[in-house]
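No experiment lies behind these values; they were computed from the predicted model shown.
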Amino acid sequence: MSLFLKKAKYKNGRTFLSIVDGFRIKGKVKQNVIEKLGYVDILEKEYDNPIEYFTNVVEEMKKVNKFKLPDYINLDEKATNDICTFNLGYSVLKLIYNDLNLKDFFTLEKRKKNYNYDINSIFSMLVFSRILYPGSLYNMVENKNIFFEPFNFSYNDVDRASDYFINFKNDIIKLIWENTKDKYKRDTSCSYYDCTNYYFEIEYNDDDTYEIDANGDVVKDDKGNPVILDKGLRKRGPEKNHRPDPIVEMGLLMDNTGIPLSYDLFPGNESEKLSLIPILNRTKADFNLGRTIVVADRGLNTSDNIIKIAGTSLEQALKNNGYVYGQSVRGADEEFKNWVLKQDDYITEKIIGENGKEIIFKHKSRIHPKTMYVTREDKGKTKAGYDKKETINVDQKQMVYYSQKYADKQSRDREMVITKAKDLISHPEKYNRSTSYGVSGYVNNLKFVKKTGEIADASNLSLNLERIEEEKKYDGYYSIVTSEEKLSDIEIRNIYRGLAKIEETFKITKSEFNARPVYAWTKEHIEAHFLICFVSLVIIRLLQQKMNDKYSLHKTINSLKKYNYTHYISNIYKNTYKDEIIDYLQEIFHIELDKKYITTEKIKNLLTY
């Protein structure tokens with residue numbers, strides 16, 4: 001609070017005196033009239049020099065603290081729900097953000113490059129906004145004043161800064177690791193990897209940039225392929241919801257505690273199977289990691305990935321890295337499928353599931369030679385132009401288990417597809433190549449006109465009963481393969497089930513963070529968008545770890561969003577919301593979040609700015 005004597009001069013020549021408290025809200029000067037004294041010419045009847053007298057009064061008030069809050073304001077009163085003004089829920093997120101040491105990093109970068117704006121202020125605002133108030137870059141900048149501290153930059157500043165964020169990606173990822181590995185007890189005994197895609201509401205793919213020679217011609221390599229300098233990111237590919245829009249693929253590597261380690265982006269038309277090894281090798285080198293067991297779903301279960309991760313034997317896997325992969329039962333060879341269906345060697349036992357309830361675990365495992373077909377770039381090309389393959393037999397532990405719940409789900413899913421297949425057979429005019437997605441394997445003699453996508457001949461369509469009966473035999477069976485021969489079947493199952501955490505992480509980006517469709521158009525801004533999402537994910541996962549997953553992420557974010565203070569009087573703000581999650585956060589972070597009234601100074605101390 002800053003008391004002073006205000007002397008207001010009016011057009012009639014008279015001067016009016018007031019005792020005023022001057023203060024700032026988000027950088028703007030505000031004034032609160034404490035007491036109206038009157039006109040100087042009237043006050044002179046009582047005081048020889050009113051201005052001098054009341055100036056001294058103000059000074060005495062400052063010394064003896066005679067200016068107090070009204071009696072009905074109790075700074076120790078607990079908070080209740082009310083109407084919001086400024087968000088302070090992000091103060092919890094900022095505590096974790098500060099743990100990452102990003103402010104010092106950006107301060108150093110600003111000195112090096114002499115940016116005309118505060119890049120840490122911009123980056124942190126975008127992270128907090130992505131978690132609490134997600135939207136387009138423009139919308140997040142427009143809404144930046146919802147936060148208490150003043151983010152003094154323009155949209156143009158943010159737009160320019162976003163061009164440079166990608167230059168910091170690798171440094172930021174390494175910095176996060178260094179500042180969290182001990183404090184948050186990061187565990188890389190297992191590393192989980194999966195891919196997902198994000199769509200853009202645009203019509204055309206991004207173009208690749210080719211190397212051009214002095215004559216203006218495209219340079220080609222020794223195999224006759226154009227030399228690509230820069231690949232376009234947004235390309236049409238197999239989008240998981242079958243949208244026709246161009247997409248970008250993201251590969252995410254996560255540690256055993258569910259916290260993201262690193263990520264990569266690659267064009268939507270490239271195979272995710274090729275993305276695992278580069279990010280794994282780079283992350284291990286950058287973080288100086290030891291042996292890790294790579295866990296991935298069956299889509300990444302390839303011979304090349306297995307050999308590059310674990311080597312050609314179980315003995316080599318002990319020295320190299322290990323793997324735990326999902327394995328398709330229906331897509332396996334006959335020997336494997338016969339082994340799955342053989343019932344006399346299954347073990348049935350009762351175990352406690354993740355929900356604390358008892359479940360039946362029917363399982364078996366074996367160590368068995370697996371034939372691998374490994375790419376050898378040094379062996380030349382096939383007639384079709386592909387790299388030649390080498391056949392290698394590798395021992396691996398194969399585990400299969402049966403789940404009645406999984407069997408029921410597979411049966412329900414198949415019945416839905418069969419219903420659609422029957423409708424297609426009865427009403428072929430309603431369907432084309434796009435709308436018949438998923439049922440073509442269940443309908444005999446189904447062909448499409450190449451140009452139009454219409455069904456070519458509907459006269460001989462029938463239900464593929466043979467396939468349906470074959471699929472039914474394997475309902476409920478799930479197989480996992482691994483290099484870790486000493487792991488028990490239950491341990492293998494539990495490790496593999498950790499993949500659900502990375503699937504949940506992708507859902508967070510697409511639902512809570514509103515990360516798709518992506519509202520970014522240049523490659524630099526696309527990269528910046530996903531870097532912001534990655535750091536936001538790390539912060540949220542670290543927060544969940546601190547909270548021991550006591551509350552759902554959705555409820556936690558909602559509470560932080562609602563935890564606001566409105567300006568009440570002078571430099572005092574009044575709380576407008578609290579709940580049990582806020583109380584719990586106060587307890588684990590050892591900060592005061594339950595005050596109904598709080599001063600600007602205490603808010604600044606809370607936010608450390």
Side-chain angles (χ1 to χ4, degrees), residues 90 93-131 134 136-137 140-141 144 151-181 183-184 186 198 230-231 233 248-255 259-266 278-279 281-289 509 513 515 518-542 609:
Y90 81 103
L93 304 177
K94 190 169 184 179
L95 289 172
I96 299 177
Y97 182 91
N98 290 341
D99 282 345
L100 306 183
N101 205 27
L102 289 171
K103 182 177 181 179
D104 289 346
F105 170 79
F106 283 121
T107 299
L108 184 60
E109 289 299 323
K110 187 176 188 297
R111 290 174 186 164
K112 290 179 185 176
K113 305 290 173 56
N114 196 27
Y115 296 112
N116 294 323
Y117 38 79
D118 187 338
I119 50 178
N120 177 67
S121 183
I122 291 173
F123 193 85
S124 62
M125 184 280 294
L126 292 176
V127 168
F128 303 145
S129 296
R130 181 55 60 189
I131 296 172
S136 67
L137 191 69
M140 290 193 292
V141 175
K144 63 184 172 67
F151 288 116
N152 296 319
F153 46 77
S154 66
Y155 173 76
N156 288 336
D157 293 333
V158 178
D159 188 57
R160 287 192 295 269
S162 297
D163 288 337
Y164 298 107
F165 284 146
I166 188 53
N167 299 329
F168 311 136
K169 174 189 170 184
N170 292 336
D171 290 332
I172 287 175
I173 290 174
K174 286 188 280 188
L175 185 69
I176 289 173
W177 168 254
E178 288 298 325
N179 287 288
T180 60
K181 63 179 180 179
K183 184 169 185 176
Y184 289 88
R186 306 285 296 268
Y198 298 83
D230 189 31
K231 292 181 179 179
L233 271 179
V248 165
E249 289 275 351
M250 173 195 257
L252 184 67
L253 191 65
M254 186 183 77
D255 72 10
I259 303 169
L261 285 165
S262 187
Y263 75 97
D264 268 343
L265 300 182
F266 52 97
I279 190 173
N281 290 342
R282 187 183 68 248
T283 303
K284 286 196 65 181
D286 288 347
F287 296 176
N288 194 27
L289 301 180
T509 65
F513 291 0
V518 183
Y519 298 107
W521 312 113
T522 67
K523 188 171 184 177
E524 291 78 12
H525 281 209
I526 292 170
E527 294 275 10
H529 170 78
F530 285 104
L531 179 59
I532 294 293
C533 287
F534 175 81
V535 175
S536 302
L537 276 174
V538 170
I539 290 175
I540 279 299
R541 285 305 195 196
L542 292 174
Y609 78 92

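Between Phe534 and Tyr263, the distance from one ring center to the other falls under 6.0 angstrom.
Between Met254 and Leu261, the closest side-chain pair of non-hydrogen atoms is not below 4.5 Å. The closest side-chain heavy-atom distance from Ile173 to Phe287 is below 4.5 Å. Within the 4.5 Å cutoff, the side chain of Lys94 has no heavy atoms near those of the Ser124 side chain. Ser162 places a side-chain heavy atom less than 4.5 Å from the side chain of Leu137. Using a 4.5 Å heavy-atom threshold, the side chains of Lys183 and Asp99 count as touching. For the pair Lys144/Ser129, no side-chain contact is recorded, criterion being any heavy-atom separation below 4.5 Å from C-beta on. In this structure, the side chains of Met250 and Thr509 stay at 4.5 Å or more apart for every pair of heavy atoms.
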- Task: Show your working on side-chain hydrogen bond (donor to acceptor under 3.5 Å, both in side chains) between Ser154 and Asp157 and close with a plain yes or no.
- Result: CA-CA 5 Å; Ser154 66; Asp157 293 333; 3.2 Å; yes
- Task: Decide side chain to side chain contact (heavy atoms under 4.5 Å, CB included) for Ile96 and Tyr184; before the verdict, give the C-alpha distance in whole Å, the side-chain angles of both, and the deciding distance to 0.1 Å.
- Result: CA-CA 11 Å; Ile96 299 177; Tyr184 289 88; 4.0 Å; yes
- Task: Under the side-chain hydrogen bond (donor to acceptor under 3.5 Å, both in side chains) rule, what do Asn156 and Tyr117 come out as? Steps first, then yes or no, please.
- Result: CA-CA 10 Å; Asn156 288 336; Tyr117 38 79; over 6 Å; no
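Panel note: side chain His525, backbone Asp159; a donor-acceptor pair is recorded below 3.5 Å. With hydrogens and angles disregarded, no donor-acceptor distance shorter than 3.5 Å links the side chain of Asn281 to the backbone of Pro278. Remark: the backbone N or O of Asp118 is not paired with any side-chain donor or acceptor of Ser121 at under 3.5 angstrom.
For the atom pair CG of Leu253 and OG of Ser262, the computed distance is 6.5 Å after rounding to the nearest 0.5 Å. Atom SG of Cys533 and atom OH of Tyr198 lie 7.0 Å apart (nearest 0.5 Å). We find the NE2-CH2 distance between His529 and Trp521 to be 11.0 Å, quoted to the nearest 0.5 Å. In this structure, the separation between CG on Asn98 and CG on Leu93 is 11.0 Å, given to the nearest 0.5 Å. For the atom pair Lys523 NZ and Leu233 CG, the distance stands at 5.0 Å (nearest 0.5 Å). Put simply, CG on Leu537 and CD1 on Ile540 are 8.5 Å apart, with the number rounded to the nearest 0.5 Å.
We find that Asp264 and Lys169 are joined by a salt bridge, their nearest charged nitrogen and carboxylate oxygen being less than 4.0 Å apart.
Partner Phe123 forms a ring pair (Phe, Tyr, Trp, His ring centres under 6.0 Å) with one of Phe153, Phe165, Phe128, Tyr164 and no other, that one being Phe165. With Leu531 as the fixed residue, the side chain to side chain contact (heavy atoms under 4.5 Å, CB included) test singles out one of Ile172, Ile166, Val127, Leu126: Ile172. Residue Leu542 is tested with Leu95, Ile176, Leu100 for a side chain to side chain contact (heavy atoms under 4.5 Å, CB included); the sole match is Leu100.
Listed by first and then second residue, the side-chain hydrogen bond (donor to acceptor under 3.5 Å, both in side chains) pairs involving residues 172-181 are Glu178-Lys181, Thr180-Arg186 (not counting sequence neighbours).
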Run the side-chain donor-acceptor check on residues 104-114: report pairs under 3.5 Å with partners two or more places apart or on a different chain.
unit_1 : atom_1 : unit_2 : atom_2 : d
Thr107 : OG1    : Lys103 : O      : 2.8
Glu109 : OE2    : Lys112 : NZ     : 3.4
Lys110 : NZ     : Tyr115 : O      : 3.3

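In plain terms, the two heavy atoms of Pro260 and Leu252 that are nearest each other are CB-CD1, 4.1 Å.
Under the rule for a side-chain contact (heavy atoms from CB on, under 4.5 Å), the partners of Pro134 that lie at least two apart in sequence or sit in another chain are Arg130, Asn514.
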